[in-house]
Peer 1: 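The structure that follows is given in the form of structure tokens.
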Protein chains: 2
Amino acid sequence: MPPKRSTCPIASTLDLIGDRWTLLIVRDIMFFDKHRFEEFLDSPEGISTNILANRLKLLEELGLVTKQPYSNHSRRMSYHLTEKGESLRTLLKAITRWGLKHLPDTEIPREE
Amino acid sequence: MPPKRSTCPIASTLDLIGDRWTLLIVRDIMFFDKHRFEEFLDSPEGISTNILANRLKLLEELGLVTKQPYSNHSRRMSYHLTEKGESLRTLLKAITRWGLKHLPDTEIPREE
DNA sequence: CGGGATCCGTCTTGATACTG
DNA sequence: CAGTATCAAGACGGATCCCG
């Protein structure tokens with residue numbers, strides 16, 4: 001919920017994704033091939049269930065993520081990036097590069 | 001205050017700057033040549049004084065910003081980016097580009 | 001007057017327990 | 001398994017106060 005609006009692209013972007021969790025979900029989908037609720041919960045940062053549900057809903061509403069049933073007969077849900085969500089890749093990479101360069105104890109996590 | 005740590009550069013970076021205000025201050029210094037407390041307050045997003053003071057202190061502690069007296073005989077303070085702070089320019093530009101492309105009502109603000 | 005610090009009511013966040 | 005309900009703790013916004 002943006003308290004105020006400005007037409008600045010930085011401010012507006014931060015209104016949407018400028019929090020501690022949203023981009024981590026995008027990261028999980030984009031780089032770690034995670035797609036289910038439980039997989040997001042498993043990430044080392046330890047998001048809690050209500051925050052995760054809330055952010056997934058927001059990401060859907062923003063058109064960055066789609067939610068589909070895993071298969072016709074399962075109630076398992078599967079979250080994927082839309083094209084608009086994919087467009088955050090450049091941004092995520094810029095963040096990664098900055099972190100790797102300026103924060104001592106960071107590294108590219110290995111595939112599990 | 002990072003509640004948890006991980007070695008992921010994205011998560012660690014978001015621990016530092018993943019909020020609605022911090023990068024807006026960096027933006028004001030970097031792109032709008034603002035350097036004083038009152039100038040930051042004037043930005044259209046409307047940060048409040050306690051939040052601004054808090055973020056400036058955090059930015060100092062992170063080594064992204066330095067605080068100096070305006071001149072020897074003035075008590076006016078002047079905030080500037082360190083080299084590490086300047087290194088966020090690429091990131092800020094990536095955010096700007098994403099916002100301009102994907103958020104309808106954004107535009108590069110003109111100089112005042 | 002500029003640069004904050006403090007206090008307080010409100011809104012948001014998050015951990016945990018619980019449910020279909 | 002994928003969430004929702006609950007409730008405490010923290011962050012925020014605004015006003016006011018303070019200090020040089």
Side-chain angles (χ1 to χ4, degrees), chain A residues 1-6 11-12 14-26 28-29 32-62 65-80, chain B residues 1-6 11 14-26 28-29 32-62 65-81:
Chain A
M1 268 140 265
K4 274 187 187 181
R5 283 278 167 185
S6 84
S12 298
L14 291 175
D15 279 346
L16 306 188
I17 57 170
D19 78 297
R20 247 183 62 74
W21 295 113
T22 303
L23 284 183
L24 292 180
I25 298 171
V26 175
D28 280 352
I29 304 177
F32 299 142
D33 201 38
K34 297 186 176 186
H35 300 281
R36 292 188 302 107
F37 198 89
E38 207 197 14
E39 293 178 308
F40 302 132
L41 288 180
D42 284 343
S43 290
E45 292 83 14
I47 193 172
S48 57
T49 58
N50 55 346
I51 302 295
L52 175 56
N54 172 265
R55 294 307 192 281
L56 284 171
K57 189 184 298 179
L58 289 175
L59 282 167
E60 249 195 293
E61 290 170 7
L62 294 173
V65 160
T66 53
K67 171 190 190 174
Q68 319 151 10
Y70 221 77
S71 76
N72 283 347
H73 296 304
S74 168
R75 238 167 291 101
R76 285 154 86 121
M77 290 297 153
S78 177
Y79 295 91
H80 290 269
Chain B
M1 270 140 261
K4 275 188 187 180
R5 281 278 167 186
S6 84
L14 291 175
D15 280 346
L16 306 187
I17 57 171
D19 78 296
R20 246 185 65 72
W21 296 114
T22 303
L23 284 184
L24 292 181
I25 298 171
V26 175
D28 280 352
I29 303 178
F32 299 141
D33 201 38
K34 297 187 174 186
H35 300 282
R36 292 189 303 109
F37 198 88
E38 210 196 14
E39 292 179 309
F40 302 133
L41 288 180
D42 284 343
S43 290
E45 292 82 15
I47 193 170
S48 56
T49 60
N50 54 348
I51 303 295
L52 175 56
N54 171 265
R55 293 306 194 280
L56 285 171
K57 190 183 298 177
L58 289 176
L59 282 167
E60 251 195 292
E61 290 170 8
L62 294 173
V65 159
T66 54
K67 172 189 189 174
Q68 320 152 11
Y70 220 76
S71 77
N72 283 347
H73 296 303
S74 167
R75 243 165 284 102
R76 285 155 85 121
M77 290 298 153
S78 179
Y79 296 91
H80 289 270
L81 293 173

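Naming: A, B, ... by sequence-line order, numbering from 1 per chain.
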Peer 1: Does the side chain of B/Trp21 get closer than 4.0 angstrom to OP1 or OP2 of D/dG13 through an N or O atom?
Peer 2: yes

Peer 1: Is the phosphate of D/dG3, meaning OP1 or OP2, less than 4.0 Å from a side-chain N or O of A/Tyr79?
Peer 2: yes

Peer 1: How far apart are the closest heavy atoms of B/Ser43 and B/Asp28, and which atoms are they?
Peer 2: OG-OD2, 2.6 Å

Peer 1: Would you mind telling me which of D/dG13, C/dT13, D/dA2 lies closest to the side-chain atoms of A/Ile51?
Peer 2: C/dT13

Peer 1: Taking 4.0 Å as the cut-off, does a side-chain nitrogen or oxygen of A/Arg36 come that near to OP1 or OP2 on D/dC1?
Peer 2: no

Peer 1: Measure from CZ on A/Phe40 to P on D/dC1 and round the result to the nearest Å.
Peer 2: 15 Å

Peer 1: Among the candidates D/dG14, C/dG4, D/dA2, find the nucleotide nearest to the side-chain atoms of B/Asn50.
Peer 2: D/dG14

Peer 1: Grab the CG-C1' distance between A/Leu41 and C/dA17 for me, whole Å please.
Peer 2: 15 Å

Peer 1: For B/Met77 and C/dA5, what is the distance between atoms CE and P respectively, to the nearest whole Å?
Peer 2: 11 Å

Peer 1: Looking at B/Ser78, is its backbone amide N or carbonyl O close enough to the side chain of B/His35 to form a donor-acceptor pair, meaning the two atoms are under 3.5 Å apart?
Peer 2: no

Peer 1: Ignoring the backbone of A/Arg55, work out which of C/dG4, C/dA15, C/dT13 is nearest its side chain.
Peer 2: C/dT13

Peer 1: Think A/Ser48 has a side-chain N or O under 4.0 angstrom from the OP1 or OP2 of C/dG14?
Peer 2: no

Peer 1: Is any side-chain N of the basic residue among B/Asp42 and B/Lys34 closer than 4.0 Å to the acidic one's carboxylate O?
Peer 2: no

Peer 1: Could you state the atom-to-atom distance from NZ of B/Lys34 to C1' of C/dG3 in whole Å?
Peer 2: 16 Å

Peer 1: Find the distance B/Asn54:CG to D/dG10:P and express it as a whole number of Å.
Peer 2: 15 Å

Peer 1: Looking at C/dG3, I'd like to know if its phosphate oxygens (OP1 or OP2) sit under 4.0 Å from a side-chain N or O belonging to B/Arg76.
Peer 2: no

Peer 1: Specify the residue among A/Asp19 and A/Thr49 whose closest nucleotide of DNA chain C lies further upstream toward the 5′ end.
Peer 2: A/Asp19

Peer 1: Take atom CG of B/Leu52 and atom P of C/dT6, then tell me their distance rounded to the nearest Å.
Peer 2: 16 Å

Peer 1: Scan A/Lys67 against the nucleic acid and name what it touches under 4.0 Å (heavy atoms): base, sugar-phosphate only, or nothing.
Peer 2: sugar-phosphate

Peer 1: Could you state the CG-P distance from A/Leu56 to D/dT4, rounded to the nearest angstrom?
Peer 2: 10 Å

Peer 1: For residues A/Asp19 and B/Asp19, determine if any side-chain heavy atom of one lies less than 4.5 Å from a side-chain heavy atom of the other.
Peer 2: no

Peer 1: Does some side-chain heavy atom of A/Phe40 sit less than 4.5 Å from a side-chain heavy atom of A/Leu24?
Peer 2: no

Peer 1: Expressed in angstrom and rounded to an integer, what is the separation of A/Leu58 atom CG from C/dT13 atom P?
Peer 2: 9 Å

